[in-house]
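First the structure, in the form of structure tokens, and then the observations on it.
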There are 2 protein chains.
Amino acid sequence: MNTSEKISDSAHNHADCINAALRQAESLCQSKGVRLTKLRRQVFELIWQSHNPLGAYALMDLLEQNSERKRVAPPTVYRALDFLLEQGLIHKVHSLNAFVGCSHPKREHSDALFICLNCGFTEEVPSNSIQQAINLSASQNRFTVKEKVLEICGLCSKCKGASL
Amino acid sequence: MNTSEKISDSAHNHADCINAALRQAESLCQSKGVRLTKLRRQVFELIWQSHNPLGAYALMDLLEQNSERKRVAPPTVYRALDFLLEQGLIHKVHSLNAFVGCSHPKREHSDALFICLNCGFTEEVPSNSIQQAINLSASQNRFTVKEKVLEICGLCSKCKGASL
DNA sequence: GGCAATTATGTTATCATATAACATAATTTG
DNA sequence: CAAATTATGTTATATGATAACATAATTGCC
């Protein structure tokens with residue numbers, strides 16, 4: 001993957017986006033009575049600062065660089081990630097072993113993730129028709145759905161024209 | 001995951017199923033002019049003998065037990081897996097870091113995998129409506145699809161009633 | 001068949017991802 | 001403030017995957 005340049009949407013103010021996500025996360029944690037501690041908030045912010053999925057070890061590097069904190073060990077960051085996953089604030093991207101912010105943590109989230117193989121940009125796209133089709137297929141197979149992993153890998157609109 | 005008992009479909013003769021898969025794999029490799037070597041065949045058979053996804057290291061254990069071969073090193077088994085993936089004879093289950101036989105290697109395979117979290121049974125289910133819904137969503141987002149990871153985790157019909 | 005080229009496998013080391021087990025620190029609750 | 005709970009720190013290790021190079025098997029050509 002080309003990691004030299006992060007391609008950002010010109011219509012997208014990323015600082016606002018992160019702040020909005022953070023405020024939403026805070027209110028959501030408050031309403032659930034769970035604690036968005038300093039570490040968890042830092043991990044959450046770092047994940048949101050990248051619109052691209054971040055691996056746990058990359059996250060450890062960033063934590064070390066972007067905070068007064070000394071390097072944390074893997075269990076520390078994984079516990080923060082587990083918390084954020086449980087609260088539905090981030091998603092795990094299984095095909096990349098990485099984590100990405102959830103763009104609508106309040107909804108029942110079972111969207112498709114579109115992942116650009118060139119720039120890494122990852123977008124969560126809701127689609128009722130995808131969900132309905134899966135639910136239909138599940139019921140036809142008498143299958144009780146617990147979790148859906150829907151990762152569509154390819155090229156985003158920005159990258160498909162660009163020289164690869 | 002409960003690994004104590006493999007739940008098998010009573011209407012499913014597994015030996016026949018494996019043999020059919022193997023014959024199909026052989027003819028497919030022949031027609032493509034690629035070599036289904038002894039190692040690759042053994043890996044393929046072991047994956048098919050389990051209807052459940054198998055990890056690479058579990059596969060190394062099984063290879064050691066079920067063949068006269070001494071224990072192979074990781075690169076050996078991963079190369080065999082890469083070959084089988086390239087030929088479309090198996091799938092990688094990303095949410096489990098494991099591999100499962102492809103039930104229709106001749107088709108363009110972009111099916112949903114239904115994975116039972118209790119017994120591990122994994123089934124490849126084709127669904128035009130899922131594919132169409134994804135393709136529509138992709139085109140609406142000007143996204144060029146290269147690969148789809150569709151893993152639906154939950155409880156199969158056998159396990160949903162059973163005591164968990 | 002014999003030799004060169006190609007393809008496949010073996011071997012060693014190492015990287016990458018993730019968790020177990022236990023210790024300490026911070027926060028909440030009564 | 002003390003006890004209980006929750007969160008984080010620490011060490012070691014499990015699990016998954018690949019790089020780099022060596023050897024062996026197969027294929028294709030003369």
Side-chain angles (χ1 to χ4, degrees), chain A residues 1 3 25-26 29-30 32-44 46-47 52-64 67-87 89-100 120 149 151, chain B residues 1 3 25-26 29-30 32-44 46-47 52-64 67-87 89-100 120 149 151:
Chain A
M1 182 186 293
T3 55
E26 279 167 342
C29 286
Q30 184 142 40
K32 290 194 194 178
V34 296
R35 287 158 59 194
L36 188 61
T37 61
K38 188 172 181 184
L39 173 70
R40 290 165 176 174
R41 186 197 322 272
Q42 285 176 335
V43 169
F44 182 79
L46 288 169
I47 287 176
N52 300 25
L54 273 184
Y57 284 71
L59 211 37
M60 287 164 60
D61 295 342
L62 291 172
L63 264 178
E64 194 175 12
S67 73
E68 69 292 348
R69 187 188 297 279
K70 75 170 182 174
R71 185 175 186 81
V72 301
T76 299
V77 78
Y78 276 102
R79 281 185 295 229
L81 290 167
D82 286 344
F83 170 84
L84 297 171
L85 286 169
E86 274 164 24
Q87 304 309 321
L89 295 169
I90 62 172
H91 294 293
K92 173 154 191 180
V93 184
H94 289 275
S95 59
L96 300 175
N97 291 323
F99 303 86
V100 71
V149 176
E151 300 172 6
Chain B
M1 185 183 297
T3 55
E26 278 168 344
C29 286
Q30 184 141 40
K32 289 194 193 178
V34 296
R35 287 158 57 194
L36 189 61
T37 61
K38 188 172 181 182
L39 173 71
R40 290 165 176 174
R41 185 196 323 271
Q42 286 177 334
V43 168
F44 181 80
L46 288 170
I47 288 176
N52 300 25
L54 272 184
Y57 284 69
L59 211 36
M60 288 164 59
D61 295 342
L62 290 173
L63 265 178
E64 194 175 11
S67 73
E68 69 292 347
R69 189 188 297 279
K70 72 172 183 174
R71 186 175 184 81
V72 301
T76 298
V77 79
Y78 275 103
R79 280 185 296 227
L81 290 168
D82 287 343
F83 171 85
L84 296 170
L85 286 169
E86 275 164 24
Q87 305 307 323
L89 296 169
I90 61 172
H91 294 293
K92 173 155 192 181
V93 183
H94 289 276
S95 58
L96 300 176
N97 292 321
F99 303 87
V100 71
V149 176
E151 300 172 7

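So that the names make sense, note that chain A is the first sequence line, chain B the second, and so on, each numbered from 1. From a predicted model like this one, the values you see are computed outputs, not experimental measurements. These values consider heavy atoms only, across backbone and side chains, with no hydrogens, waters or symmetry-generated copies.
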Would you mind reporting whether [Y] and [X] have side-chain heavy atoms less than 4.5 Å apart?
| X | Y | value |
| --- | --- | --- |
| S95(B) | V149(B) | no |
| V77(B) | L39(B) | no |
| L81(B) | L59(B) | yes |

Between [options], which nucleotide gets closest to the side-chain atoms of [X]?
| X | options | answer |
| --- | --- | --- |
| N97(B) | dG10(C), dG16(D), dA19(D) | dG16(D) |
| A73(A) | dT18(D), dT8(D), dT10(D) | dT10(D) |
| R35(B) | dA20(D), dA18(C), dT26(D) | dT26(D) |
| V72(A) | dG9(D), dA17(D), dT9(C) | dG9(D) |
| F99(B) | dA19(D), dA17(D), dG10(C) | dA17(D) |
| R79(B) | dA17(D), dT11(C), dG9(D) | dT11(C) |
| P75(B) | dT11(C), dA8(C), dT8(D) | dT11(C) |

Item to check | Salt-bridge criterion met for K38(B) and E68(B) (N-O under 4.0 Å) | outcome: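 Answer for the salt bridge query: yes.
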Does [N] have OP1 or OP2 under 4.0 Å away from a side-chain N or O of [X]?
| X | N | value |
| --- | --- | --- |
| K38(A) | dA25(C) | no |
| T37(A) | dA26(C) | no |
| Y78(A) | dA18(C) | yes |
| Y57(A) | dA16(C) | no |
| K92(B) | dG16(D) | no |

Send over the distance from [X] [atom1] to [N] [atom2], rounded to a whole Å.
| X | N | atom1 | atom2 | result |
| --- | --- | --- | --- | --- |
| L96(B) | dA17(D) | CG | P | 11 Å |
| L39(A) | dT10(D) | CG | P | 13 Å |
| L85(B) | dA17(D) | CG | P | 11 Å |
| L81(B) | dT18(D) | CG | P | 10 Å |
| K32(B) | dT7(C) | NZ | P | 16 Å |
| F83(B) | dA8(C) | CZ | C1' | 11 Å |
| H94(B) | dG16(D) | NE2 | P | 15 Å |
| E64(B) | dG10(C) | CD | C1' | 15 Å |

Applying a 4.0 Å non-hydrogen cut-off, can you work out what [X] is touching in the nucleic acid: base, sugar-phosphate, or nothing?
| X | result |
| --- | --- |
| T76(B) | base |
| R71(A) | nothing |
| K70(B) | sugar-phosphate |

Item to check | Closest non-hydrogen atom pair between F99(A) and L85(A), with its separation | outcome: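 Result for this residue pair: CE2-CD1, 4.0 Å.
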Next on the checklist: Give me the atom names and distance for the closest heavy-atom approach of L54(B) to A58(B).
Outcome noted: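 Scanning both residues completely, I find the closest heavy atoms to be CD2-CB, 4.2 Å.
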